[in-house]
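Below is one structure, written out as structure tokens; the observations come after it.
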Amino acid sequence: MFIKHIAVASTLAFGFSGAAIAQKDDHAAKHGGIFVETKALDFEIVPKADVIQVYVSDHGKPVKLEGAKGKVTLLNGSEKTEVDLAPVGDKLEGKGSFKVAKGTKGIASVSLAGKSAATARFDVK
């Protein structure tokens, strides 16, 4: 009887740890961008030559972007480009002309209304 309870407890423990692993897999890029998880927020950065988009979630949960603001800094060697972001639908976005290529490094900073900024570093691969 005691061994039966241990077997059931082990099965449940492994089942829950598998669910936790499956939940981590949910942290994938859903818009073809670069996924970065921070302590405060999750970012998916979609850098293109004419637009930079940043999708923001709170560890998988949607967040309200009303009053949010952000900035992306792109670094190409010694060349630095800063892009201001504003809410557009379910993302933050900045339009312009950007040098985005393999090896471009970046920093995304997002402040939700009434909260301090969350910052993420990323590399274009």
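These numbers were taken from a predicted model, which means no experiment stands behind them. We use all heavy atoms of the structure for the numbers below, so side chains are in, but hydrogens, waters and symmetry mates are not.
- A salt bridge is defined here as a Lys NZ or Arg NE, NH1 or NH2 lying under 4.0 Å from an Asp or Glu carboxylate O, and Glu44 with Lys30 fails to meet this definition.
- In this structure, Leu74 CG and Phe122 CZ are separated by 5.5 Å, a value rounded to the nearest 0.5 Å.
- Nearest heavy-atom pair, Thr38 versus Ala120, reported as atom, atom and distance to 0.1 Å: CG2-CB, 3.8 Å.
- Summarising the geometry of Thr73 relative to Glu82, their closest heavy-atom pair is OG1-CG, 3.8 Å, with the distance given to 0.1 Å.
- The minimum heavy-atom distance linking Ala108 with Val72 is given by the pair CB-CG2, 4.1 Å.
- Looking at every heavy atom in both residues, Val46 comes nearest to Gly33 through CG2-CA, 3.8 Å.
- The two residues Leu41 and Ala118 make their nearest non-hydrogen contact at CD1-CB, 3.9 Å.
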Inset, instruction - Please report the C-alpha distance between Lys71 and Val83 in whole Å, then the side-chain angles of each, then the deciding distance to 0.1 Å, and finally whether the side-chain contact (heavy atoms from CB on, under 4.5 Å) criterion is met. - result: CA-CA 6 Å; Lys71 180 170 77 171; Val83 182; 6.0 Å; no
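- The side chain to side chain contact (heavy atoms under 4.5 Å, CB included) search around Thr119 returns Ile107, Ser109, not counting sequence neighbours.
- Note that CD1 of Ile34 and NZ of Lys125 are 8.5 Å apart. Values are rounded to the nearest 0.5 Å.
- Residue pairs meeting the salt bridge (charged side-chain N to carboxylate O under 4.0 Å, His left out) criterion with at least one member in residues 104-113, sequence neighbours excluded, are Lys105-Asp123.
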Inset, instruction - Kindly determine whether Val63 and Leu112 satisfy side-chain contact (heavy atoms from CB on, under 4.5 Å), including the steps that lead there. - result: CA-CA 9 Å; Val63 296; Leu112 298 178; 4.2 Å; yes
Inset, instruction - Could you check Thr104 against Leu75 for side-chain contact (heavy atoms from CB on, under 4.5 Å), going step by step and ending with a plain yes or no? - result: CA-CA 6 Å; Thr104 299; Leu75 305 166; over 6 Å; no
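- Within the structure, salt bridge (charged side-chain N to carboxylate O under 4.0 Å, His left out) contacts touching residues 47-69 (residues at least two apart or in different chains) do not occur.
- A donor-acceptor pair is defined here as one N or O able to donate and one able to accept, closer than 3.5 Å; no such pair exists between the side chain of His59 and the backbone of Glu37.
- Surrounding NZ of Lys91 are more than 12 heavy atoms belonging to other residues, nucleotides or ligands, all under 6.0 Å away.
- With hydrogens and angles disregarded, no donor-acceptor distance shorter than 3.5 Å links the side chain of Asp84 to the backbone of Gly94.
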Legend entry - Stepwise side-chain contact (heavy atoms from CB on, under 4.5 Å) check, Leu92 with Val56: CA-CA 8 Å; Leu92 296 169; Val56 184; 4.2 Å; yes
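- Clustering ILVMFWY residues whenever any of their side-chain heavy atoms sit less than 4.5 angstrom apart, transitively, puts Ile45 in the very cluster that holds Val110.
- No single ILVMFWY cluster, assembled from side-chain heavy atoms under 4.5 Å apart, contains both Tyr55 and Phe98.
- Two residues are said to be in side-chain contact when any heavy atoms from C-beta on lie closer than 4.5 Å; Val124 and Pro47 meet this criterion.
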